[in-house]
Amino acid sequence: RHKFWETQPVGQFRDAADTSLPNGPIEPPTPLSEVRADPYPLPAAFEWLTCDLDDDALLADLYSLLAHNYVEDDENMFRFNYSPAFLRWALKPPSFFRAWHIGVRAKESKKLVAFISGVPARIRARDDVVRMAEINFLCVHKKLRSKRLAPVLIREVTRRVHQENIWQAAYTAGVVLPTPITTCRYWHRSLNPKKLIDVGFSRLGPRMTMSRTVRLYKLPDAPLTPGFRRMELRDVAAVTRLLRAYLARFVVAPDFDEVDVEHWLLPQEDVVDSYLVESPETHEVTDFCSFYTLPSSVLNNATYSTLKAAYSYYNVSTKTPLQQLMNDALIVAKQKNYDVFNALDVMENESFLKELKFGPGDGQLHYYLYNYRIRHGIKPSELGLVLL
Ligand code: YNC
Ligand code: MG
């Protein structure tokens with residue numbers, strides 16, 4: 001059934017019931033001298049291109065490939081529209097490898113027609129901190145679909161990851177592959193209900209009028225928690241301490257140090273936003289919340305061309321109740337003109353979703369590890385990892 005995935009070191013569906021298989025790596029590393037030295041062959045009209053994302057023209061090509069060909073919802077009403085600045089942030093974390101930014105272009109026209117990327121990360125599974133690649137932005141131009149190009153891209157990124165002596169990876173997908181470690185659902189909190197209804201993202205509830213709906217989702221003008229403010233560079237050490245202590249509670253989570261926190265969580269306009277609570281008395285940082293910005297193109301609507309969406313990222317509460325903290329996150333997102341605030345049911349998010357008027361989305365997000373078995377999988381609430 002899965003001609004490609006059946007050949008890969010991933011949990012296979014037929015092994016799901018086999019309790020004798022151990023947790024951890026599925027295959028041992030091979031000596032680096034045995035890692036294939038040459039790129040995998042492509043169909044004759046195409047060539048590999050290692051992408052330099054500091055090159056604005058190349059970044060614009062990547063932006064455009066994804067803006068026209070990347071992930072859509074099941075009804076093809078919306079398509080992710082990752083911004084160039086976001087792509088740079090997502091693909092150039094500390095110690096990134098340029099060789100892992102892999103394009104395919106047409107030899108003749110030089111047009112970029114496919115892409116896959118990896119970035120390095122340390123991810124902990126139970127007690128085991130593992131160097132991994134986070135694989136993302138796999139995309140094949142719509143005109144080149146179903147020609148088995150995706151397996152070539154995946155094999156090539158795997159080869160380049162192996163060349164760095166890294167043997168595991170983490171990734172998410174909307175499709176079911178062998179075998180998810182967990183399956184999550186997105187929840188959506190309307191901030192601009194009228195627009196969301198106009199573009200077909202949500203519908204007016206039964207026995208609801210537009211004005212009642214607008215009132216239902218109304219939020220205060222400013223955050224309510226005393227000491228709630230934007231994160232700054234001087235907060236990196238405190239945020240790292242909070243986050244490390246919190247993520248230790250989950251079965252699978254990133255192992256962030258201060259260098260990672262500065263990259264992944266220090267605010268960047270329209271890319272990532274982070275807020276914290278600094279106690280007005282002790283000046284201690286007690287709570288933290290963050291979201292990233294990922295607009296979607298609205299396909300086929302006469303009035304609107306994009307939805308501005310915030311995605312819940314990492315949140316830590318030690319003093320301010322998590323629900324109150326996330327209510328303040330909703331308030332700042334509304335102030336900044338986002339149309340919707342999205343969150344997965346990972347970590348402790350279930351504890352605030354219903355109370356803060358998030359509704360469940362359709363469609364699921366499956367989380368995967370490559371060459372690492374987690375027997376029986378985990379629950380979304382045991383997952384402390386958010387991929388972009
Ligand atoms: C997918 N999303 O099952 P079988 S998520 C992985 N992730 O193989 P073809 C996928 N595999 O089943 P198309 C996949 N989607 O026969 C399909 N596949 O074994 C598998 N969409 O290839 C599929 N982006 O080229 C099948 O299919 C084989 O032309 C079929 O191309 C697929 O970034 C795709 O959703 C997704 O651009 C590129 O449809 C195309 O359809 C497309 O005939 C819109 O491929 C955009 C989209 C995917 C977003 C993402 C994570 C990717 C993870 C890849 C796996 C990484 C493994 C770890 C590597 C490093 C290891 C180390 C160490
Ligand atoms: Mg293809």
Side-chain angles (χ1 to χ4, degrees), residues 1-14 25-30 32 35-36 40 42-43 45-46 62 64-74 76 78-82 87 90-91 97 99-104 106 112-123 130-181 184 294 296-297 299 363-373 385 387-388:
R1 262 198 63 236
H2 290 286
K3 272 262 170 296
F4 169 66
W5 281 108
E6 280 169 12
T7 68
Q8 298 297 301
V10 293
Q12 297 295 337
F13 294 139
R14 63 174 174 279
I26 295 170
E27 283 178 359
T30 54
L32 285 183
V35 176
R36 183 190 165 106
Y40 283 90
L42 282 169
F46 302 103
L62 174 60
S64 167
L65 172 72
L66 297 176
H68 295 104
N69 301 280
Y70 199 51
V71 177
E72 299 180 6
D73 66 302
D74 292 337
N76 311 103
F78 310 100
R79 192 187 303 123
F80 283 147
N81 185 13
Y82 287 91
L87 292 169
L91 294 176
F97 298 102
W100 296 6
H101 302 159
I102 307 173
V104 173
L112 187 66
V113 297
F115 187 77
I116 192 167
S117 67
V119 294
R122 292 179 313 284
I123 294 179
V130 183
R131 294 174 70 218
M132 296 199 194
E134 291 176 352
I135 306 297
N136 204 348
F137 305 114
L138 166 61
C139 183
V140 168
H141 193 284
K142 288 187 177 210
K143 292 200 166 143
L144 295 173
R145 296 278 169 87
S146 306
K147 298 175 185 298
R148 310 301 297 184
L149 219 48
V152 184
L153 286 157
I154 294 168
R155 285 201 164 98
E156 182 60 14
V157 76
T158 301
R159 187 184 71 81
R160 296 185 190 199
V161 171
H162 286 169
Q163 284 183 320
E164 300 299 337
N165 199 21
I166 294 175
W167 305 88
Q168 271 74 33
Y171 49 103
T172 57
V175 293
V176 178
L177 305 165
T179 296
I181 59 163
C184 300
L294 168 51
S296 277
S297 302
L299 311 176
Q364 299 187 309
L365 188 67
H366 308 281
Y367 274 76
Y368 301 94
L369 296 179
Y370 183 93
N371 194 22
Y372 200 96
R373 186 182 293 108
L385 176 66
L387 299 176
L388 304 171

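Every heavy atom of this structure was used, including side-chain atoms; hydrogens, water molecules and symmetry mates were not. Here the structure is a predicted model, which means the values were calculated and not measured. Order of appearance sets the numbers: ligands from 1, and atoms from 1 within every ligand. The residues of the chain are indexed from 1 along the displayed sequence.
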Visitor: Could you tell me whether N69 approaches ligand 1 through its side chain, its backbone, both or neither, with non-hydrogen atoms closer than 4.0 Å?
Guide: backbone

Visitor: Is the shortest distance from atom 17 (C) of ligand 1 to a protein heavy atom below 4.0 Å?
Guide: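 Protein heavy atoms within 4.0 Å of atom 17 (C) of ligand 1 - there are none.
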
Visitor: So if I count the atoms of ligand 1 from 1 in the order they appear, which ones are less than 4.0 Å from some heavy atom of C139?
Guide: 37 (O)

Visitor: Can you measure from CD1 (I154) to CD1 (I102) and round to the nearest 0.5 angstrom?
Guide: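 Those atoms lie 11.0 Å apart.
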
Visitor: Tell me the protein heavy atom at minimum distance from atom 35 (O) of ligand 1, and give that distance in Å.
Guide: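 So the nearest neighbour among protein heavy atoms is V71 CG2, 3.5 Å.
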
Visitor: When only distance counts, is T158 in polar contact with ligand 1, meaning an N/O pair under 3.5 Å?
Guide: no

Visitor: Evaluate the 4.0 Å heavy atom contact test for atom 53 (C) of ligand 1: does a protein atom fall under the cut-off?
Guide: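 Neighbour list for atom 53 (C) of ligand 1 includes protein heavy atoms (cut-off 4.0 Å).
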
Visitor: Can you tell me the protein heavy atom closest to atom 33 (O) of ligand 1 and the distance?
Guide: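 In this structure, atom 33 (O) of ligand 1 has L138 N, 3.0 Å as its nearest protein heavy atom.
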
Visitor: Between ligand 1 and H162, can you find any atom pair, the residue atom being a heavy atom, that is separated by under 4.0 Å?
Guide: yes

Visitor: List every atom of ligand 1 that sits less than 4.0 Å from any heavy atom of T172, numbering the atoms from 1 in the order shown and giving each element.
Guide: 5 (S), 50 (C), 51 (C)

Visitor: Look at ligand 1 and say whether V10 reaches it with a heavy atom at a distance under 4.0 Å.
Guide: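 Under 4.0 Å: no for V10.
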
Visitor: Applying side chain to side chain contact (heavy atoms under 4.5 Å, CB included), run through V10 and T179 and close with a yes or a no.
Guide: CA-CA 7 Å; V10 293; T179 296; over 6 Å; no

Visitor: For F4, counting its heavy atoms only, list the atoms of ligand 1 lying under 4.0 Å from any of them.
Guide: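 Selected atoms, number and element: 4 (P), 8 (O), 16 (O), 19 (O).
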
Visitor: Hey, which atoms in ligand 1 end up nearer than 4.0 Å to a heavy atom of A169?
Guide: 58 (C), 60 (C), 61 (C), 62 (C)

Visitor: Under 4.0 Å from atom 23 (C) of ligand 1, do we find at least one protein heavy atom?
Guide: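 Within 4.0 Å of atom 23 (C) of ligand 1, no protein heavy atoms are found.
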
Visitor: Looking at CZ of F13 and CG of L177, how far apart are the two atoms once the value is rounded to the nearest 0.5 Å?
Guide: 7.0 Å

Visitor: Begin from the C-alpha positions of L294 and S296 and carry the test side chain to side chain contact (heavy atoms under 4.5 Å, CB included) through to its verdict.
Guide: CA-CA 7 Å; L294 168 51; S296 277; 5.6 Å; no

Visitor: Which class fits the ring pair Y82 and F80: parallel under 30°, tilted 30 to 60°, perpendicular over 60°?
Guide: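 Perpendicular, since the angle between the ring planes exceeds 60°.
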
Visitor: Regarding atom 56 (C) of ligand 1: of the candidates V175, I135, V161, V157, which has the closest heavy atom?
Guide: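 Comparing heavy atoms across V175, I135, V161, V157, the nearest one to atom 56 (C) of ligand 1 lies in I135.
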
Visitor: Please test Q168 against I123 for side chain to side chain contact (heavy atoms under 4.5 Å, CB included), starting from the C-alpha separation and ending with a verdict.
Guide: CA-CA 10 Å; Q168 271 74 33; I123 294 179; over 6 Å; no

Visitor: Between E164 and R160, is there a salt bridge with N-O shorter than 4.0 Å?
Guide: no

Visitor: Taking both backbone and side-chain atoms of S146, is any N or O found less than 3.5 Å from an N or O belonging to ligand 1?
Guide: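 By distance alone, the answer is yes.
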
Visitor: Would you indicate which of K3, R145, H2, R148 comes nearest to atom 8 (O) of ligand 1 when only heavy atoms are counted?
Guide: R148

Visitor: Measure the distance from atom 37 (O) of ligand 1 to every protein heavy atom, then report the residue, atom name and distance (to 0.1 Å) of the closest one.
Guide: V140 N, 2.9 Å

Visitor: Could you check atom 2 (N) of ligand 1 against the protein and tell me its nearest heavy-atom contact, residue, atom and distance included?
Guide: A173 CB, 3.8 Å

Visitor: Where the closest heavy atom to atom 49 (C) of ligand 1 is concerned, which of F80, Y70, F137 has it?
Guide: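 Closest candidate by heavy-atom distance is Y70.
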
Visitor: With heavy-atom distances below 4.5 Å as the criterion, would you say the side chains of V119 and L91 are in contact?
Guide: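 Answer yes - side chains close enough.
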
Visitor: Could you tell me whether Q8 approaches ligand 1 through its side chain, its backbone, both or neither, with non-hydrogen atoms closer than 4.0 Å?
Guide: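 Neither; no heavy atom under 4.0 Å.
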
Visitor: If you take the nearest heavy atom of each of L387, N371, L177, which one is closest to atom 6 (C) of ligand 1?
Guide: L177

Visitor: Determine, step by step, whether H101 and L87 satisfy the side chain to side chain contact (heavy atoms under 4.5 Å, CB included) criterion, reporting the C-alpha distance in whole Å, the side-chain angles of both residues, the deciding distance to 0.1 Å, and the verdict.
Guide: CA-CA 11 Å; H101 302 159; L87 292 169; over 6 Å; no

Visitor: Which of the atoms of ligand 1 are close to N136, meaning less than 4.0 Å from one of its heavy atoms?
Guide: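 What qualifies from ligand 1 is 33 (O).
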
Visitor: Using side-chain heavy atoms (C-beta onward) and a distance below 4.5 Å, is H162 in contact with W167?
Guide: yes

Visitor: Which of these, Y370, Y372, W5, has its nearest heavy atom closest to atom 62 (C) of ligand 1?
Guide: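 Comparing heavy atoms across Y370, Y372, W5, the nearest one to atom 62 (C) of ligand 1 lies in Y370.
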
Visitor: Mind checking whether A150 has an N or O less than 3.5 Å away from an N or O of ligand 1?
Guide: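 Yes - when backbone and side-chain N and O of A150 are compared with those of ligand 1, one distance drops under 3.5 Å.
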
Visitor: Is there a polar contact between ligand 1 and L149, counting only N or O atoms under 3.5 Å apart?
Guide: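 Yes: some nitrogen or oxygen of L149 is under 3.5 Å from one in ligand 1.
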
